[in-house]
Amino acid sequence: MAFPEPKPKKPELPKKLVQTLECKQGAVRAVRFNVDGNYCLTCGSDKSLKLWNPHKGTLLKSYSGHGYEVLDAAGSFDNSQLCSCGADKTVVLWDVASGQVIRKFRGHAGKVNCVQFNEEATVILSGSIDSSVRCWDCRSRRPDPIQILDEAKDGVSSLKVSDYEILSGSVDGRVRRYDLRAGELYSDYVGSPVTSVCFSKDGQCTLAASLDSTLRLLDKDTGELLGEYTGHKNTAYKLDCCLSEKDTHVASCSEDGQVYFWDLVEGSLTLSLPVGRGVVQSLSFHPSEPGLLTATEGRVQFWREETHTAEEQPPAC
Amino acid sequence: MAAPEASDSEEEVLAGYGTALEPLPEGERIKKPVPLQEQTVKDEKGRYKRFHGAFSGGFSAGYFNTVGSKEGWAPSTFVSSRQKRADKTVLGPEDFMDEEDLSEYGIAPKEITTTDDFASKPKDRIKEKARQIAGVTASIPGATALDDLIAPAKITIGVELLRKMGWKEGQGVGPRVKRKPRKQKPDPEVKVYGCALPPEGSEDEEDEYQPENVTFAPKDVMPVDLTPKENVHGLGYKGLDPTKALFGVSGEEDPSPFTDGSEKTSNLLGDLRHSKGRKLGISGQAFGVGALEEEDDDIYATETLSKYDTVLKDEEPGDMLYGWTAPKQYKNKKGMEKEVRYIGKILDGFSLASKSSAPKKTYLPPDLPRDYRPVHYFRPVITARNENPLLLQALVESTGKRETDTPQQNRHTLNASQRRELLGETALKGPSPSVLDYLSGKDKERIKEAKQAAEQQMKTQTLPQQSLNISSSSHGVHHKWQMALGGQLATPGSSDFKPFAKNPEKQKRYEDYVESLKQGQKDTPESRSDPGMTEWERGREREEFFHAAVLYKSSNSVLSSRFTRAKHEDDTDKVEVPREQEMDIDDKESAVKMKMFGKLTRDKFEWHPEKLLCKRFNVPDPYSDSSIIGLPKVKRDKYSVFNFLTLPESTTTTITQTTNEKIQQNINPNKPKKPSRWDVSDKEKKKKDSISEFISLARSKVDIQQQQPESVIEEDRSRTNEPLPNKAVNESTDQKKEESRPSMDLFKAIFASSSDEKSSSSEEDSDEEVHQTPSAVPNSESTKPANLPDTSSADVQECMAVTNEPDLVPPLLKEELDKEEEFGPRLPPVFFSKTTQKHEPVPLASSLEASQKEKPKKNKEKHKAKREHKHKKEKKKKHKKHRHKGKHKNKKSEKNSSSDTADSSDSLSDIEEITDLSSQELLRRLKHLPEMKQ
């Protein structure tokens, strides 16, 4: 006898501020969860990269070695390595435990905006304002990239990697998806400089934020527009957007100091979360739970759902 | 040594040898020698060296004798891995050695040694021996013999030099002699053992016929083999030679110093041959007869005393051993001597001389003058300038040199060929730089004379011409340059430089041009240029020729002889561009505006990921058998190089271009910042009758049909050009709206290459203007003709006439234009061509005013054209035909762009079809399009 499935809980949105991390590293350019969501990385404009436990609010490690402000960072699937990129045109591979630079990849001609590991952390992909995406090999010691994806006509602002795809958003207003399996490049024109792109969790859609204060949800295969999300303000800065942990909501930073949540299907604004007075520069959604990290000015805030209690915290460090 | 204690009396008598010891001072004790146990050895650094016995040593041994520190090996200088990760030094064995090891007696002595090339003997005998043994004991005995055969015979430098000097093996070294020295008859007293020597009578007889004039190489001198005795064996003892022992053949060493490699191989071969018949076994003086041995005759080498000389006597002149009485080695020197004596056969009718010719009379050297200094000093230079011809004559005779022809030059002023002549070298055998090489000397002389005369003549001619030219400076900028360049311009005949080799006609024209330049003419004769070319083209070409001529001054023929023409011409006028390009943004933008995402906004390309990337992503390579990486590329025409050269004209053209841009921006105040017509304000949209609206409709319509990817450049160009008619209307009003940033068109115009220039299907109204916009875009003439319509000279003239009219455009015009049902697309091409005729020279005119002036005219023409349009249906038709004809022609001339032109012609027809429709109809269709497409 089968019990009927329990009615799924209505997805909650992170509304409650649980932690505030004063990063003390200048402006926080980006904040990123690690793969399991237990830790986060903050990229500071003071050239440092910091590893935190956002649940406890403790600083675990500070990584220094960049020559200029750090613009993006990512952690490997096994949490053993970090990669970061910065305005010093380099992409750096870090050892998490020792804090040492394992490798520095030089080759970009300009600021490196975004960086990603591939699934197995064998390749680092980095997108730069030199309008190229470079694929760096972590396995061999070769100093030059495996491949340079230079199809973009303007700087690459955002980059995401799935198990066989590379998604890049460029200031030339296009979202390019390189499909390695099919050997094809799909280029979707969005019309306005793309600031952030991301895959949906189901891998069917791509979300693109652009400087016309619009988020667009595009069908990955056909490029058709599935949804459009407006209401926030994004006309000048490179702001992040993301999807919630169950693809139910779309979240985006805004230049008016709030984070906006839209219902993915309906496209209606469900929540505008007042974060601070300044521009919310970066945000990162917890991979499995309703938790959100936002970065404004020199501060990172961790938001959880209303029902969240401290006991639930996953064991950390 | 004289004994110090010898008595005085004896001292007188005894002779002292050596140096006497210093007399011992009184009261001092004799220094005791340092006892052995206290003697120390120090290395060059002053460290004590220890000698270890069997049980000393261990760690301290290494420490005290080799390593400088207590910790053992001193680490090499620390290098931070962060700073210097990459440069890893490759360590050789030397890095682990001490200086002592590298010294003379170390294990790796670094001293100057004779290399194998110069050594007369193979260096390492140990190796040689090992090889021999290996050869014998190997499973296939003598296998190394093959190696020897295959290995190149090594000849030492000395031998090589000697050979170069005419020496042959077997001969002696030295000046050739008239008569070979008389051979010594064998001493009758010397017993000869073994079989008797062949009678020598024949040889003597040969001597009889020796010719008088034949000289002979001196006899080869047997080198005295002065190998030091390094072993402790008895004199003359030879150890067990493996070759000897096993094969029983005496590896008789060849006495000749010049035979090492080649002879040895033959020896080895001989061994092999011999060994066949014989069983292997050890035989030798010390071993007696082996058990397997049958013959026992040579058990003990019999060295009888009779083999040795018993009497001291004069050296035999025949053998050059000078008393060297080595046993065995030179036993059969007689035979060898025979060989050495005379090499080569005697010619028919000649015979070797029996008697030596009379001894050469020697003359004593002349007595040296008293003031002779054995130092060479150079004679004063004699030149033709010397006043006294007699003296000159005398000097010349005394020196034996004629320096009047070539006045003595500093050697630095000589060129390579002159130096070559001086040194008596032969000329390089490159591709002969000119026809002159094939002429005989006499002909050359004649030509030279003629040339000199001509040059003289020309010089006198050009000078007045030059002044004339300068005075009448009405002619273009570069005429002065032309004159200045004068004769150093490229000479098409002599130099191999052919900048337009692909286009033989053009090349010919270029050559003519250069020729005319050389002769000081100002212009190329019109007759030479292509009659089909327009004035503008002609001007352009002239300019190009000029640049080419400036670039490639006549290269030195000597230099050119060093280089050869490329066998395969590489495609210098091609660039690689992605095969497919993202389609024009305009239409995408419109699609975005209409939220028609999907097919309209998506471009799909074939993209080749790197193999390694696939591997890293754990994805099979989708194109495993292609070597392409990234987007597939194709070769496209590149613009002519000459257009990129920096010359004053080019800067002015860009200036005019920018001003044009600005003006054009001013013209259309409603134009939004983004270059899209879809961005226009609603009001304008509603009007629906503006040209741009219509055009964009037409364009998007075509584009949706996805016939051809659009050209960005042409698109933009069309956009910038279309608003021109409005110029006069709006010009005055809106200066303020000027954008701070120049539009994209400008950037494209400057940076874009022709590769972007695909013919576009959506090119509305087959826009002749677009094609012909002169543009700052470097327009190679390879692409240019393809785009240019064929325009007759009549058109040009007509247009000139038109432009003479006062240019006023009534403000009403715009309205009129807009109301007109048929716009640009249906305009008769004749007017477009006209307008372009006027428009094109703008950059060339290189003056701002000119470009500005022309626009109103153009408007007028256009206007006129429209009014007349209906009456000129036939005319239009005619022109259409005309245009196609031109296309055809261009296709022929420019094969590379044939596909492009074909495309454009296709698209043209399409466009024409479309433009026949009313704008209403188009709009209606456009609205339906999304459904149709989906």
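Just so it is clear: chains get the letters A, B, ... in the order the sequence lines come, proteins before strands, and each one is counted from 1. On a predicted model such as this, the values are computed, not experimentally measured, just so you know.
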A:Lys89, NZ atom: more than 12 neighbouring heavy atoms under 6.0 Å:
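Count not over threshold, so no.
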Evaluate whether atom OH of A:Tyr68 has more than 12 neighbouring non-hydrogen atoms of other residues, nucleotides or ligands under 6.0 angstrom away.
no
Atom [atom1] in [X], atom [atom2] in [Y]: separation rounded to 0.5 Å?
X	Y	atom1	atom2	answer
A:Leu225	B:Met596	CG	CE	12.0 Å
A:Arg174	B:Asp603	CZ	CG	5.0 Å
A:Arg176	B:Trp607	CZ	CH2	12.5 Å

Only heavy atoms, only distances under 4.5 angstrom. Which residues in residues 621-629 of chain B are near chain A?
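Result: B:Pro622, B:Tyr623, B:Ile629.
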Considering only heavy atoms, give the residues of residues 609-617 of chain B separated from chain A by less than 4.5 Å, sorted numerically, with 'none' for an empty result.
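Within residues 609-617 of chain B, the residues under 4.5 Å from chain A are B:Pro609, B:Glu610, B:Leu612, B:Leu613, B:Cys614, B:Arg616, B:Phe617.
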Which atoms of [X] approach chain B - backbone, side chain, both or neither, heavy atom under 4.5 Å:
X	value
A:Asp150	neither
A:Val161	side chain
A:Leu149	side chain

Could you check which of A:Asp179, A:Ile146, A:Val175 has the highest count of heavy-atom pairs closer than 4.5 Å to chain B?
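Heavy-atom pairs under 4.5 Å are most numerous for A:Ile146.
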Among A:Cys135, A:Gly183, A:Ser192, single out the residue with the greatest number of heavy-atom pairs under 4.5 Å to chain B.
A:Gly183
Mind checking which of residues 200-221 of chain A sit less than 4.5 Å from chain B, heavy atom to heavy atom?
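A:Arg216, A:Leu218, A:Asp219, A:Lys220, A:Asp221 fall under the 4.5 Å cut-off.
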Which residue pairs pass the salt bridge (charged side-chain N to carboxylate O under 4.0 Å, His left out) test when at least one of the two sits in residues 184-194 of chain A, sequence neighbours left out?
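Qualifying pairs: A:Glu184-B:Lys604, A:Asp188-B:Arg602.
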To check you understand the geometry: which heavy-atom pair defines the closest contact between A:Gly223 and B:Phe597, and what is its length?
O-CB, 3.5 Å
